[in-house]
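Because only heavy atoms are used, hydrogens play no part in the values below, and waters and symmetry mates are left out as well, while side chains stay in. Remember, predicted model here, so these are calculated numbers, not experimental data.
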Amino acid sequence: MVAAFVLRGLCGARAVLRCSPAELLRAPRRGHRLTPADDELYERTRISLLQRESPQIMYIDSYSSRGFMVNGNRVLGPCALLPQSVVQWNVGSHRDITEESFSLFWLLEPRIEIVVVGTGDRTERLQPQVLQALRQRGIAVEVQDTPNACATFNFLCHEGRVTGAALIPPPRGTALTSLERAAE
């Protein structure tokens with residue numbers, strides 16, 4: 001009943017409908033109709049693709065003994081990379097990593113699938129209770145040296161996985177400069 005009144009208001013009281021009322025309600029409202037002449041006038045067709053994923057995906061551009069370059073932003077010291085943010089991570093070495101220092105990874109939504117841990121210039125063992133706490137919460141853990149952890153994190157993000165990273169800068173002169181700096 002309401003639809004009939006709306007249609008009468010749109011089409012006039014005595015207008016004859018050529019399509020069903022449901023089709024009229026779904027039809028897009030435009031100020032003008034596009035015709036083939038519009039494309040011929042400009043002699044080109046444009047296609048715009050909209051990304052379904054977030055354009056702001058975390059990528060590690062470079063690292064040094066002082067910190068990391070993440071999405072063009074410099075981060076000094078150890079850091080935790082989350083799907084949409086970077087935070088300072090208050091650890092000095094792999095010995096300082098505790099269950100409490102990983103708590104931010106299981107508090108997030110959407111849930112993080114995997115945490116990549118970079119332990120400096122060498123792969124170090126983490127305490128078993130720390131690894132067990134993460135696995136009990138359904139989070140996989142990959143412990144590597146920092147250079148490999150950075151590469152693994154970038155790869156997993158590129159795959160579209162919900163990934164976190166806990167990174168300690170390598171203490172020695174190990175450094176990877178970004179491609180832009182290497183070109184200069």
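- With rounding to the nearest 0.5 angstrom, the CG atom of Asp145 is 10.0 Å from the CD atom of Glu124.
- Separation of atoms CD1 (Ile112) and OG1 (Thr163) is listed at 8.0 Å; rounding is to 0.5 Å.
- Closest approach of Ala149 and Gly118 over heavy atoms only: CB-CA, 3.6 Å.
- Screening residues 125-139 for side-chain hydrogen bond (donor to acceptor under 3.5 Å, both in side chains) gives Gln127-Gln129 as the qualifying pairs, with residues at least two apart or on separate chains.
- Note: the hydrophobic cluster containing Val91 also contains Val87 (ILVMFWY, side chain heavy atoms under 4.5 Å, direct or indirect links).
- Residue pairs meeting the side-chain hydrogen bond (donor to acceptor under 3.5 Å, both in side chains) criterion with at least one partner in residues 85-114, sequence neighbours excluded, are Glu113-Arg161.
- Between Ile139 and Phe102 the shortest side-chain heavy-atom distance does not fall below 4.5 Å.
- Considering only heavy atoms from C-beta on, Phe68 stays 4.5 Å or farther from Asp61 through its side chain.
- In the hydrophobic cluster analysis, where Ile, Leu, Val, Met, Phe, Trp and Tyr join through side-chain heavy atoms closer than 4.5 angstrom, Leu156 is grouped apart from Leu134.
- A side-chain donor-acceptor contact under 3.5 Å links Asn71 to the backbone of Tyr59.
- In this structure, Asn73 CG and Cys79 SG are separated by 11.5 Å, a value rounded to the nearest 0.5 Å.
- In this structure, CD1 on Ile114 lies 11.0 Å from CZ on Phe153, to the nearest 0.5 angstrom.
- For Gln144, the side chain to side chain donor-acceptor pair (under 3.5 Å) partners two or more places apart in sequence, or in a different chain, are Glu142, Thr152.
- Residue Leu82 is not grouped with residue Val70 when hydrophobic side chains (ILVMFWY) are merged at heavy-atom distances under 4.5 angstrom, including chains of intermediate members.
- Side-chain contact between Leu81 and Ile60 is present, with heavy atoms from C-beta onward closer than 4.5 Å.
- The backbone N or O of Pro169 sits nowhere less than 3.5 Å from a side-chain atom of Thr146 that would complete a donor-acceptor pair.
- The two residues Ala165 and Phe105 have their closest heavy-atom pair at O-CZ, 3.6 Å.
- Cluster annotation: Met58 is not connected to Leu104 through the hydrophobic network of ILVMFWY side chains, with a link wherever side-chain heavy atoms come within less than 4.5 Å.
- A chain of hydrophobic side-chain contacts below 4.5 Å, direct or via other Ile, Leu, Val, Met, Phe, Trp or Tyr residues, connects Val115 to Ile97.
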